[in-house]
Amino acid sequence: MLKIINFTPQNSTNMTRTKIKDILKGTQINQTVNVKGWVRNFRNNSFIALNDGSSINNLQAVVDFEKTNDSILKRITPGACISVTGTLVESQGKGQSVEIKVSDIEIYGDSESDVLKPNAYPLQPKAHSLEYLREIAHLRFRTNTFGAVFRVRHTLAYAIHKFFNDKGFVYLHTPIITSSDAEGAGEMFRVTTLDPKNPPLSEANEVDFKQDFFGKATNLTVSGQLEGELGAMAFSDVYTFGPTFRAENSNTTRHLAEFWMIEPEMAFYDLKDNMALAEEMLKYVITYALENNKEDIEFLSQRLLDEEKNKPQADRSELSLLEKLNFCLGNEFAKITYTEAIDILRESNHNKKKKFQYIIDGWGADLQSEHERYLVEKHFKKPVILTDYPKDIKSFYMRQNEDGKTVAAMDILFPGIGEIIGGSQREERLEKLENRMNEMHIPTHDLQWYLDTRRFGTCPHAGFGLGFERLVLFVTGMTNIRDVIAFPRTPNNCEF
RNA sequence: UCCCUCUUAGCUCAGCUGGUUAGAGCACAUGACUGUUAAUCAUGGGGUCCCUGGUUCGAGCCCAGGAGAGGGAGCCA
């Protein structure tokens, strides 16, 4: 017999603790309840704003200061962790519907509020800049903004798993450490146990990685795609969702050295199927977040409005965050080929008036950020899927089109963020794949395991990579990718 | 990696043409008030003006170098 035990933490008075999110539903009115959390603010020597992270909303706990010891009152400071027990009553004040009339307070952990003392709690009951909060990333979860961001991040991660699970995809854990250096997705971080001061040398006087831990040079993965394709050739539909590493010296609001990526890979999908799945997935997870984190997203939407009040009119968004998300859900993504995009850009007044830094003239060059932004934010004003890029600016594994010039690639561009998804139908024909690898000087002997998929029961298949943090940026309306991952890793920064 | 901007109180920022004792709001401390919602009112404390060097009678302000941060570009997700 399977027994399910409902575990709830108890406190010393043997009261069952209730989470603030549930308390605020008001169903326990006139009952004695216990709540534990961190003090956000203590007003008027009476009103504690308490938050336990379960909701953006605080619970107001009302202390009768005339009947409470001064030594206790002085310890109710921002950041302190307390347990309060009392009766849940309808609030006499306007800001909340229910509140706790406190009968008992237990202080778990004090928090120094005097800003002049060296051990003072760095979060004051006032607004802080995102840059400052980034320096205290270990405490920023306790703010409204970051509380909301990381609850939404969680929901999006869960929704992604739910979406693929409901469609019968297998979640495949691809390796973090790889020996493959042929993926070509970017600079890699080396993984080694060799002594950097005195590495073993080969006869050619180079570092001898045969003596390294794995007997060969290894790196942190830049993509799980190639391994994902192996899974798709057995399970039909797989996806990966894990950390990915790029040692690029990128200093932008859209890049991290360590980020999380979702990479589905589907047998029997062509490019159109691939695009349809990507669009369906994005709309599903955004809907899921709107349904399950409504208050957080409303808060973030308001936060963005307040922030943009300080900007000149021209720099403000036309739509609020909520409007932008709903607009994205209510409209088909624009779908055009690279060639059509070049035509639109070339014929645009923007190009004719030479407002682009890079003037569009011929066919074949990669689009610059300014061109992508023009297409998404000015021309279509909604997400755009660009397909069929010139083969020379794309990866070796993308399926070659009949025209001999383009490949079956797709990039999904989002307003304000740029590329959020990159994908393609894969080249399933062994000979064409090998020829392309030779043309691009990709060593085929290192990737025999990959080419085996094309030798043994190859089939049309496709997949894409979604940058998880870029999705979180879009849904939360945050503008710097360092603010949507708990502990960002970027060039020259690996704190915490 | 390249370009631009910034660095002044715990935080967010002002600081005039280089001029004598460094400014505000918030936060904090003390007191008053006691149904507050960024509480309010009064009083008070708090400064390596990022660092190093230079110009000058005199530098927070000008110059050079360095460090850190932000924005943009490239690379990409």
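Throughout, a chain's letter reflects where its sequence line sits, starting with A, and its residues are numbered from 1. What you see is a predicted model; the values in this text were computed from it and never measured.
- With sequence neighbours excluded, the residues forming a side chain to side chain donor-acceptor pair (under 3.5 Å) with A:Asp110 are A:Arg75, listed by chain and number.
- Side-chain atoms of A:Asn144 never come within 3.5 Å of backbone atoms of A:Ala148 as a donor-acceptor pair (strictly under, hydrogens ignored).
- When rounded to the nearest whole Å, the span between CD1 of A:Ile412 and C1' of B:A77 equals 12 Å.
- Within 4.0 Å of A:Arg134, counting heavy atoms only, lie sugar-phosphate atoms of the nucleic acid but no base atom.
- Taking the side chain as every heavy atom from C-beta outward, A:Thr253 and A:Leu473 never approach each other to under 4.5 Å.
- Neither OP1 nor OP2 of B:G74 sits under 4.0 Å from any side-chain N or O of A:Ser250.
- Within residues 473-495 of chain A, the residues that place at least one heavy atom under 4.0 Å from RNA chain B are, in residue-number order, A:Asn480, A:Arg482.
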Secondary-structure string, 5' to 3', Watson-Crick or G-U under 3.5 Å, | for another-strand partners, for RNA chain B: (((((((..((((.....[...)))).(((((.......))))).....(((((..]....))))))))))))....
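- Taking the charged nitrogens against the carboxylate oxygens, A:Lys25 and A:Asp22 do have a contact shorter than 4.0 Å, which makes a salt bridge.
- Note: A:His161 and A:Tyr239 meet the aromatic proximity criterion, with ring centroids under 6.0 Å apart.
- A 4.5 Å side-chain heavy-atom check between A:Arg246 and A:Phe259 finds at least one atom pair inside the cut-off.
- For A:Glu131 and B:G70, a side-chain-to-base donor-acceptor distance below 3.5 Å is absent, hydrogens and geometry of angles not being considered.
- A salt bridge is defined here as a Lys NZ or Arg NE, NH1 or NH2 lying under 4.0 Å from an Asp or Glu carboxylate O, and A:Glu419 with A:Arg470 fails to meet this definition.
- Atom CG of A:Asn45 is separated from atom P of B:A29 by 12 Å (rounded to the nearest Å).
- A search for ring-ring contact (aromatic ring centres under 6.0 Å, His included) contacts involving A:Phe356 returns A:His350, A:His371, A:Tyr374, not counting sequence neighbours.
- Taking side-chain N and O atoms only, A:Ser369 has no distance below 4.0 Å to OP1 or OP2 of B:G72.
- For B:C76, the base has a donor-acceptor partner in the side chain of A:His255 [N/O atoms by modelled type, under 3.5 angstrom].
- Nearest-nucleotide positions on RNA chain B for A:Pro122 and A:Arg373 put A:Pro122 closer to the 5' end.
- Within a heavy-atom distance below 4.0 Å of RNA chain B, no residue of residues 68-81 of chain A is found.
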Base versus backbone protein contacts along nucleotides 35-50 of chain B [heavy-atom cut-off under 4.0 Å; B, S, -]: BBB-B-----BS----
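- Ring pair A:Phe42/A:Phe47: centre-to-centre distance not below 6.0 Å.
- Using a 4.0 Å heavy-atom distance criterion, A:Phe259 is classed as a base contact.
- Within the 4.0 Å cut-off from OP1 or OP2 of B:G74, at least one side-chain nitrogen or oxygen of A:Gln368 is found.
- Taking the charged nitrogens against the carboxylate oxygens, A:Glu427 and A:Lys391 have no contact shorter than 4.0 Å, which rules out a salt bridge.
- Residues A:Leu88 and A:Ile100 have side chains in contact (heavy-atom distance under 4.5 Å, counting atoms from C-beta outward).
- Using a 4.0 Å cut-off between charged nitrogen and carboxylate oxygen, A:Asp388 and A:Lys272 do not count as a salt-bridge pair.
- The shortest heavy-atom contact between A:Trp260 and A:Ile485 is CD1-CD1, 4.2 Å.
- Using a 4.0 Å cut-off, some side-chain N or O of A:Ser113 falls inside it from OP1 or OP2 of B:A29.
- Using a 4.5 Å heavy-atom threshold, the side chains of A:Phe65 and A:Ile76 count as separate.
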